[in-house]
Student: 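Next up is a structure, given as structure tokens.
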Amino acid sequence: MSAFQKMGILGRYRTEHLSDTLLALIQFLEAQKQAFLLDEDLKSLITEKQVPAANKLAIAKACDLLIVIGGDGSLLQAAKIAAESQTPVIGINKGRLGFLTDILPSDLEKKLKPVLEGHYLEERRFLVDVAIKQAEKEVYKSIALNDVVLLPGDVAHMIEFEIYINQQFVCKQRADGLIVATPTGSTAYALSGGGPILHPQLEALVLVPMFPHTLSSRPLVVESSAVIDIVISAQNETSPWLSCDGQEKKAVSPGTQISIQKKQALLRLIHPEHYNYYETLRSKLHWSGRFDT
């Protein structure tokens, strides 16, 4: 592994206590004589000194590592830019669970320094492209790393919809909604809905119905190359919402088709050298350790 030369620093402005960690990171990088660019949206948080800044797209193109401060939501937001530019990403955890953000603010010297010197693990995570079609015309598109979620609209009505996989009819459902999750997103909303945990290197997607009217409805795991189409029944009285990674909501009117398929560009996710996925699960989900002997 080669050492990184120029860092890009990203985060969400509203993240709690972001300025303290941001200043600590900048001071750490300066002490290591590492070149960096700060997201211009965060520049107002640093009043103690002048630092080089640029917009997110320019940072992704100019830097060879993106450091994201915040929780998984912050990294999900950065993932879309990072995947397109093929710039690797590492996260500093300021959130709660932090399945994607490995490094604590107190561990910059211990864990981030070796990464910058070239001692790290790299994972490739796939994303999905999402399109909304009306009368076979694409009217909206987005990207998701975690999940694509069909949600009730402004009124708490059950949603009636049909599911097709590779143009083959699967089923018709009445439910509060549907979660389509990648392995990365299997430990997020899909997990709370009763879905399975998928190892991040699995080439699979999971469909998790939300409070289905038919009790035999269960999560369904399909290959990642599958094209998933969700057709919103014209019988629905209100328009449900579509959410990608919880970052945005889009109303989908009755008769609309939602298409989901694997994105060609992959996310390059960087971990400290001794990262262990199962240790992360034990820690975040409070699983018990070994039995005493």
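The residues of the chain are indexed from 1 along the displayed sequence.
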Student: Is it true that a side-chain atom of N55 and a backbone atom of A58 form a donor plus acceptor pair closer than 3.5 Å?
Tutor: yes

Student: Heavy-atom count around H157 NE2 within 6.0 Å, excluding the residue itself: above 12?
Tutor: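 Yes, NE2 of H157 has more than 12 neighbouring heavy atoms, counting only those of other groups under 6.0 Å.
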
Student: Would you name the heavy atoms of A60 and I81 that are closest together and state the gap between them?
Tutor: CB-CG2, 3.5 Å

Student: Thinking salt bridges, do D64 and K6 make one under a 4.0 Å N-O criterion?
Tutor: no

Student: Answer yes or no: does atom NE2 of H199 have more than 12 heavy-atom neighbours from other residues, nucleotides or ligands under 6.0 Å?
Tutor: yes

Student: Which atoms form the tightest heavy-atom contact between Q5 and Q34, and what is the distance?
Tutor: O-OE1, 3.5 Å

Student: What distance do Y275 atom OH and L121 atom CG have between them, rounded to the nearest 0.5 Å?
Tutor: 9.0 Å

Student: Do S253 and T256 have a side chain donor and acceptor closer than 3.5 Å?
Tutor: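 Yes.
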
Student: Tell me, do V51 and I9 make a side-chain contact under 4.5 Å, heavy atoms counted?
Tutor: no

Student: Under 4.0 Å between a side-chain nitrogen and a carboxylate oxygen: does that hold for E123 and R125?
Tutor: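 Salt bridge flag = yes for R125 with E123.
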
Student: Indicate yes or no: does E223 engage K262 in a salt bridge with an N to O separation below 4.0 Å.
Tutor: no

Student: Answer yes or no: is there a side-chain heavy-atom contact under 4.5 Å between V206 and L220?
Tutor: no

Student: Please determine whether side-chain contact (heavy atoms from CB on, under 4.5 Å) holds for the pair I103 and I67, giving the CA-CA distance in whole Å, both sets of side-chain angles, and the decisive distance to 0.1 Å.
Tutor: CA-CA 10 Å; I103 299 176; I67 303 174; over 6 Å; no

Student: Test your reading of the model: is there a side-chain donor-acceptor pair from D245 to the backbone of Q247, 3.5 Å cut-off?
Tutor: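 Flag not set: sc D245 to bb Q247 has no pair under 3.5 Å.
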
Student: Tell me whether L23 is reachable from L18 by hopping between hydrophobic residues (I, L, V, M, F, W, Y) whose side-chain heavy atoms are closer than 4.5 Å.
Tutor: yes

Student: Verify, without hydrogens or angle tests, whether T214 (side chain) and S216 (backbone) share a donor-acceptor contact under 3.5 angstrom.
Tutor: no

Student: Could you check whether any side-chain heavy atom of V149 comes within less than 4.5 Å of a side-chain heavy atom of M210, counting everything from C-beta outward?
Tutor: yes

Student: Do V68 and T101 come within less than 4.5 Å of each other through their side chains, counting heavy atoms only?
Tutor: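 Not touching, per the 4.5 Å side-chain cut-off.
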
Student: Take atom CZ in F169; do more than 12 heavy atoms of anything else shown fall under 6.0 Å from it?
Tutor: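 Yes, the 6.0 Å shell around CZ holds more than 12 heavy atoms from other groups.
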
Student: If you round to the nearest 0.5 Å, how far is CD of E136 from CD of Q257?
Tutor: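 Here the interatomic distance stands at 8.0 Å.
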
Student: Establish whether L151 and V130 are linked, either directly or via other cluster members, by ILVMFWY side-chain heavy-atom contacts under 4.5 Å.
Tutor: no

Student: Are any of the side-chain heavy atoms of F99 and L75 separated by less than 4.5 Å?
Tutor: no

Student: So, the side chain of S192 versus the backbone of Y189: is there a donor-acceptor pair under 3.5 Å, distance only?
Tutor: yes

Student: Determine, using the 4.5 Å side-chain heavy-atom cutoff (strictly less than), whether V89 and L37 are members of one ILVMFWY cluster.
Tutor: yes

Student: If you count heavy atoms of other groups shown closer than 6.0 angstrom to NZ of K263, is the number above 12?
Tutor: yes

Student: Looking at T87 and L65, would you say the former's side chain and the latter's main chain have a donor-acceptor pair under 3.5 Å?
Tutor: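 No; judged by distance alone, with no hydrogens or angles, the pair does not exist.
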
Student: About how many Å separate CD of E122 and CD1 of I90, when rounded to the nearest 0.5 Å?
Tutor: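 Here the rounded value is 11.0 Å.
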
Student: Hey, is NZ on K284 packed in by over 12 heavy atoms from elsewhere, all under 6.0 Å?
Tutor: yes

Student: Can a donor-acceptor pair be found, under 3.5 Å and without considering hydrogens, that links the side chain of Q235 to the backbone of P254?
Tutor: no

Student: Is there a side-chain contact between N236 and F161, using heavy atoms and a 4.5 Å cut-off?
Tutor: no

Student: Q173 and C171: which non-hydrogen atoms are nearest, and at how many Å?
Tutor: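 Heavy atoms of Q173 and C171 come nearest at CG-SG, 3.8 Å.
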
Student: Under 4.0 Å between a side-chain nitrogen and a carboxylate oxygen: does that hold for K56 and D41?
Tutor: yes

Student: I'd like to know if V128 and Y164 are part of one continuous hydrophobic network [Ile/Leu/Val/Met/Phe/Trp/Tyr, side-chain heavy atoms within less than 4.5 Å].
Tutor: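 In one cluster with Y164: V128, no.
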
Student: Could you tell me if S259 and Q261 have a donor-acceptor pair between their side chains, going purely by distance under 3.5 Å?
Tutor: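 The answer is no; no qualifying pair exists.
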
Student: Between C244 and I143, what is the shortest heavy-atom contact and its length?
Tutor: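 Closest heavy-atom pair between C244 and I143: CB-O, 3.9 Å.
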
Student: So if you build clusters from Ile, Leu, Val, Met, Phe, Trp, Tyr with side-chain heavy-atom gaps below 4.5 Å, do I232 and I132 land together?
Tutor: yes

Student: Take L127 and T182, measure what side-chain contact (heavy atoms from CB on, under 4.5 Å) needs, and give me the verdict at the end.
Tutor: CA-CA 7 Å; L127 303 90; T182 67; over 6 Å; no

Student: Check the pair V208 / D147 against side-chain contact (heavy atoms from CB on, under 4.5 Å), numbers first and verdict last.
Tutor: CA-CA 10 Å; V208 182; D147 46 41; over 6 Å; no

Student: With rounding to the nearest 0.5 Å, note down the distance linking CZ in F126 to CG in L267.
Tutor: 12.0 Å

Student: Mind listing the closest non-hydrogen atom pair of I159 and D176 along with its distance?
Tutor: CD1-O, 3.3 Å

Student: Do F28 and L116 have side-chain heavy atoms sitting under 4.5 Å apart?
Tutor: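 With C-beta onward as the side chain, the pair touches.
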
Student: Heavy atoms only: give me the nearest Y277-P200 pair and the separation to one decimal.
Tutor: CZ-CD, 3.4 Å

Student: Could you tell me the separation between the CD atom of Q77 and the CG atom of L10, rounded to the nearest 0.5 Å?
Tutor: 9.0 Å

Student: As an exercise, state the distance from CG of L269 to CG of L66, rounded to the nearest 0.5 Å.
Tutor: 11.5 Å

Student: Yes or no on side-chain contact (heavy atoms from CB on, under 4.5 Å) for Q27 and K49, after CA distance, side-chain angles and deciding distance?
Tutor: CA-CA 10 Å; Q27 291 174 338; K49 57 177 68 184; 4.2 Å; yes

Student: Does the side chain of I230 come within less than 4.5 Å of V252's, by heavy atoms?
Tutor: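 They are not in side-chain contact.
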
